[in-house]
Structures are given as structure tokens and as C-alpha cells.
Amino acid sequence: MFLQLKNITKRYPGVVALDDVSLDIIEGEVHALVGENGAGKSTLIKTCTGAISPNEGTIVIQGQEFSSLTPKTSEAMGVGVIYQEFNLVDELSVAENIFLGRAPRKGIVIDRQKMETEAAKIFQQFDIKIDPAELVGNLTVGYQQLVEIAKAISQKAKLLIMDEPSAPLTQTEAESLYLVVEKLKASGVTVVYISHRMDEIFRLSDRITVLRDGQKIETIQTSETNLDELVQLMVGRELKETYPQRKHRVSDEVLLEVEGITGSIVKDVSLKIKKGEVLGLAGLIGSGRTELAEILFGYKAKSAGRITLEGREISPKTPKQAIAEGIALVPEDRKKLGALLDVDIKGNISVSVLERISKFFTIDKRREEEIAEDYRTSIRIKTPNLEQKIKNLSGGNQQKVIIAKWLATEPTLVIFDEPTRGIDVGAKAEIYELVNTLVETGKSVLMISSEMEEVMGMSDRIVVLHEGRVTGELDRKDFSQEAIMAFASKN
Ligand SMILES: Nc1ncnc2c1ncn2[C@@H]1O[C@H](COP(=O)(O)OP(=O)(O)OP(=O)(O)O)[C@@H](O)[C@H]1O
Ligand SMILES: [Mg+2]
């Protein structure tokens with residue numbers, strides 16, 4: 001037994017995040033932790049890493065008992081962690097981040113050369129090209145996640161806890177992650193793995209523990225269960241169909257036309273989105289999907305090209321101008337573009353519609369409350385009340401608040417960049433319903449997603465990018481993972 005949790009309880013105002021949870025982690029196993037958004041997964045692992053102290057219970061690591069841990073003791077006991085929210089310093093290089101606080105030295109001077117060589121060695125295992133000297137702030141979320149993983153690996157932990165490590169990765173990069181997990185396991189490292197992606201849970205884990213509403217429901221052998229049973233245990237209710245049927249036909253009218261858009265990654269991109277259409281945008285990390293979204297949303301400048309909305313040329317220079325044109329972006333990086341962590345749920349949602357719900361410079365509080373309550377029920381934002389600061393919400397519930405915020409602007413074009421990242425299986429279906437409602441009422445959706453099933457399940461058409469260029473376009477009847485991958489990795 002590597003780690004034992006005995007009767008752990010953690011309370012927050014209005015929430016019992018963990019309710020008398022007991023759990024054993026066997027040495028050398030890959031133990032998956034699953035459950036809906038807000039079930040208590042991150043809270044559970046934070047008690048193991050010393051990030052928080054439980055109100056009750058005991059933690060036993062390799063026979064040694066603790067009523068609570070500090071990050072220092074936890075690390076000294078061989079526990080390493082990759083948190084759901086990044087802990088990287090944007091202003092430092094990749095190598096500096098990996099070796100933060102334990103850099104190799106020559107005398108008293110940091111041995112930069114050695115640090116960068118060591119970092120490069122770790123990346124070789126992933127088969128991923130990251131320059132160890134690059135500033136972390138310049139990397140996209142996907143690459144930042146890979147830096148987090150490299151950092152945890154470099155600590156040579158005996159137990160490595162990973163909280164949704166694959167969430168910001170595309171399928172291809174996720175494959176490298178799986179290989180790393182398998183290698184770690186082969187070398188005797190114990191792994192606790194949190195994820196909402198069921199395929200990888202089945203692929204990687206030996207045992208699975210299901211949490212629901214802070215309680216442990218069951219620990220099962222992966223080989224003795226199946227997807228349906230697992231989902232049933234997680235959500236405790238009947239699930240609707242994952243990709244709900246759409247009841248309308250896409251109109252022939254074009255809503256948005258993009259011609260020859262060029263930025264720093266995207267080159268000469270042209271595409272059209274029709275009214276009532278979901279256009280999927282596929283590609284690998286770094287293929288320019290996010291940049292294209294950010295250009296349309298006025299967050300990044302284009303160096304060439306035209307954008308036409310309902311026949312009118314537009315050139316949004318700021319998100320504010322884009323919103324005024326009826327464009328909204330649900331961003332992949334919720335900290336950069338989306339969330340006001342220290343503001344409550346109501347405030348986060350209403351910030352994008354202040355003008356509409358204000359009279360004589362005063363916010364109509366009742367209207368604000370109504371809008372927030374509406375989304376709270378429609379996409380199940382799990383919270384004791386709408387005054388909760390969103391930094392206190394679970395990762396998936398923060399994402400839901402951001403979605404609500406942008407939908408509240410009542411846009412004609414919604415760009416979703418990885419909309420269901422970190423969203424649990426039950427809530428995904430609700431977000432898909434929302435997308436359907438949008439297009440059924442004549443709005444259009446541009447959907448960027450690294451989850452193949454999701455792009456294929458939701459899009460009417462898919463455009464594929466490779467190194468900034470459009471390499472292919474597929475109609476719904478021609479969708480297949482192979483076809484998309486062929487375009488996405490075209491040379
Ligand atoms: N610092 C905090 N203050 C108040 N409530 C908190 C705090 N941290 C977590 N919670 C609450 O505890 C519950 C469990 O949250 P936790 O982050 O563990 O969920 P999770 O299972 O990791 O969910 P997700 O899949 O969305 O990441 C949630 O209801 C959350 O809002
Ligand atoms: Mg979490």
C-alpha cells in the first residue's frame with residue numbers, strides 16, 4: 001500500500017467537498033479518480049499534496065500517519081502532482097519552470113546549460129518539440145500542460161498525481177502522455193489519474209474510484225466494469241443521448257466569410273459559416289485554430305485578409321468591438337480571456353452584458369440574478385449560491401460560468417474553443433443541447449475541439465488546419481477520424 005486515506009472530510013461554507021472518504025492506493029497501480037464536476041476529485045488530491053488540510057481524517061503514506069500534510073512533507077514523502085490549474089511562471093523559461101527552486105548549479109551560479117539539456121531529455125520522451133529556453137508565457141495552453149508534466153516527471157516522484165492532465169491536449173499529444181504514464185508505471189511509479197475522458201480511463205487504469213457529491217461511491221477493478229456502468233455510477237441518473245439530434249436544416253445564407261486571413265500562425269485562411277450551421281475547426285496543437293478564433297474576436301491583429309459578416313466588412317480591433325458585432329468567444333484559456341477569479345458568479349456572467357441590464361448607470365440587480373439563475377439550472381453550475389467567487393468553484397464549473405457569460409451576450413456567432421474541456425460526461429450533453437438551441441434559432445457556431453468525437457458529433461462541416469493553412473474540408477457524410485487526421489498531419 002503506498003497511500004491510504006481514512007475517513008477524510010473537508011467542508012467549505014455551504015459545501016461538504018469530501019464526506020468521510022476512505023481510499024487505498026496500491027503501490028505501482030494506476031488509480032483513476034472519476035466523478036462529475038464538483039464531486040470532490042481535486043479536493044481529495046489536494047489533501048494528499050498538502051495544498052489543503054482536511055477537517056477530519058487521517059492520511060497514511062508508506063506507513064506514516066498524518067492528520068494533515070504540508071506541501072514540503074508531501075513532496076519529501078515522494079508525492080508529485082500536476083494540478084488542474086497551472087502553476088507555471090509566465091516570465092520564466094520552460095527549463096527554469098521545470099527546475100524551479102531546485103536548479104542545477106555550478107558553484108553558486110545556476111547551470112543554465114545543464115538545466116536546458118535535462119529539460120530537453122525529458123521532452124524527448126514525449127517526442128514533443130519545445131524549446132527549453134522559450135518563455136512559458138509564449139506557449140499555448142497545450143504546450144504549457146506538457147511543461148507541467150515534464151516538471152512533475154523531473155521530480156522523480158514515487159506517487160504522481162495528475163489532475164486532468166490530458167484536458168488541454170489534442171488526441172495526438174494525449175497519445176504521448178499515455179505512453180509517458182505507461183512508462184512511469186513500468187518503472188514502478190504509482191499514478192493517480194483524474195479525467196473526464198472515459199476512453200483513457202479504460203486504457204490506463206488498473207482500478208477506478210468513483211466520487212459523487214463528496215462521497216466515495218465505489219472502487220472497482222477496471223477490467224470488471226464497462227462504460228455504461230461507470231457513467232451510471234458517476235452521475236447516478238439516466239443520461240440523455242450524448243449528441244442530441246438537430247431538428248433543422250442549415251440555411252444557404254452565409255453569415256460570416258473569412259478571406260485570406262493571415263496572422264502569426266494562420267496563413268491565407270478562407271472559410272464560410274452559414275446561418276444555423278455548426279462549423280468544426282480541427283487540427284493539432286499549434287495549427288492556428290485558436291489564433292483564428294482570436295483574430296475573429298478582435299483579440300489578435302491580422303496582417304492580411306477580410307472578414308465579412310452578413311455581407312458587411314468588419315474589422316474588430318478589440319473584443320468589445322467584436323461583441324458589438326455579435327461575435328462571442330468562449331476561450332480555451334479561461335484565465336487569460338474569460339474568468340474574473342475574485343468576482344462572484346453573477347458578476348462574471350453579467351460583466352459582458354452590463355450595458356443591456358443597466359439603467360442610469362445602475363445594474364438591474366434582479367435582472368442580473370435572473371440571468372445567472374437561468375444558466376445555473378440550464379447547464380447545472382454546481383454552487384451553494386450565485387455569490388460564490390468563481391475561484392472557489394471546481395474547474396468544470398468555472399468553465400460553465402464562462403460559457404454562460406458569453407451566451408448572455410446573445411451573439412449571432414459563437415466561437416467555442418474547446419468548450420467541454422474539463423466538463424463531465426453528464427454536463428457535456430447539456431452544453432451540446434445549448435449549441436443546438438443556438439443553431440436552431442438561426443445563430444451560427446464555430447467549434448474548435450481536440451476531441452474528435454465531439455467535432456464529428458456536433459459539426460455540420462469540418463475545416464481542418466495544418467500549420468496555419470486550411471488543408472481540407474469535410475461534409476458530415478464524409479466525417480471520419482482517419483480523414484481528419486490525414487488533413488491535420490498533411491505535409
Ligand atoms: N476553496 C474553496 N472554497 C469553497 N468551496 C470550494 C473550494 N474548493 C472547492 N470547493 C467546492 O468543493 C466542491 C468540490 O470541488 P472539487 O474542485 O474538488 O471538484 P472536482 O471533482 O475536482 O470537479 P471538476 O471535475 O470540475 O474539476 C465543489 O462544490 C467546489 O465548489
Ligand atoms: Mg477538479
Side-chain angles (χ1 to χ4, degrees), residues 5 8-21 23 31-57 68 81-87 145 148 161-168 192-198 200-201 208-218 230-231 233-236 334-335 338-339 341-346 348 372 376 379-404 418-431:
L5 298 177
I8 300 283
T9 293
K10 177 68 186 177
R11 297 182 205 97
Y12 289 113
V15 191
V16 185
L18 292 173
D19 186 1
D20 196 27
V21 172
L23 180 66
H31 195 118
L33 208 51
V34 301
E36 290 187 288
N37 296 131
K41 304 178 298 295
S42 296
T43 307
L44 184 77
I45 65 147
K46 282 180 191 161
T47 64
C48 304
T49 62
I52 59 168
S53 302
N55 297 100
E56 285 155 40
S68 77
V81 62
I82 299 168
Y83 286 116
Q84 191 170 10
E85 308 298 337
F86 298 144
N87 280 305
Q145 180 67 300
E148 280 282 6
I161 303 175
M162 303 177 147
D163 197 350
E164 297 189 35
S166 65
V192 171
Y193 196 95
I194 299 179
S195 176
H196 292 292
R197 293 190 184 175
M198 294 298 120
E200 62 187 34
I201 295 290
I208 307 171
T209 291
V210 182
L211 294 179
R212 195 199 308 152
D213 292 331
Q215 294 180 335
K216 180 177 127 171
I217 302 299
E218 218 176 308
L230 191 61
V231 170
L233 287 171
M234 281 167 62
V235 302
R334 56 180 170 255
K335 278 194 184 149
L341 292 176
D342 280 306
V343 173
D344 66 11
I345 297 176
K346 277 191 310 200
N348 266 285
R376 176 193 186 170
I379 50 176
R380 289 173 194 268
I381 299 170
K382 185 177 172 177
T383 175
N385 54 59
L386 295 168
E387 285 76 35
Q388 186 74 268
K389 287 185 181 168
I390 78 164
K391 68 173 177 201
N392 292 337
L393 296 182
S394 77
N397 283 297
Q398 290 181 10
Q399 176 71 358
K400 292 184 197 173
V401 174
I402 301 309
I403 292 177
E418 307 288 357
T420 62
R421 165 174 302 166
I423 298 270
D424 68 55
V425 281
K428 268 185 186 173
E430 277 131 32
I431 287 170

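Note that ligands are numbered from 1 as they come in the structure, with each ligand's atoms numbered from 1 the same way. Just so it is clear, the values below take in all heavy atoms, side chains as well, and ignore hydrogens, waters and symmetry mates.
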Looking at residues at least two apart in the chain, or sitting in another chain, which of them share a salt bridge (Lys or Arg N to Asp or Glu O under 4.0 Å) with E387? K346
For P13 and ligand 1, does the shortest N/O to N/O distance drop below 3.5 Å? no
Sub-4.0 Å heavy-atom contact, D424 with ligand 1: no
Close approach of G35 to ligand 1, heavy atoms, under 4.0 angstrom: no
Does any N or O in the side chain of N397 come within less than 3.5 Å of the main-chain N or O of K382, such that one atom is a donor and the other an acceptor? yes
N/O to N/O below 3.5 Å, does that happen between G396 and ligand 1? yes
Any atoms of ligand 1 less than 4.0 Å from a non-hydrogen atom of H196? List them with their elements. 25 (O)
If you measure every N/O of K382 against every N/O of ligand 1, is any gap under 3.5 Å? no
Can you sort out which atoms of ligand 1 are near E164, meaning under 4.0 Å from one of its heavy atoms? 25 (O), 27 (O)
Should A17 be counted as touching ligand 1, given the test is an N or O pair under 3.5 Å? no
T43 heavy atoms, cut-off 4.0 Å: which ligand 1 atoms fall inside? 14 (C), 15 (O), 16 (P), 18 (O)
Where ligand 1 meets L393 - atom numbers and elements under 4.0 angstrom, heavy-atom basis: 31 (O)
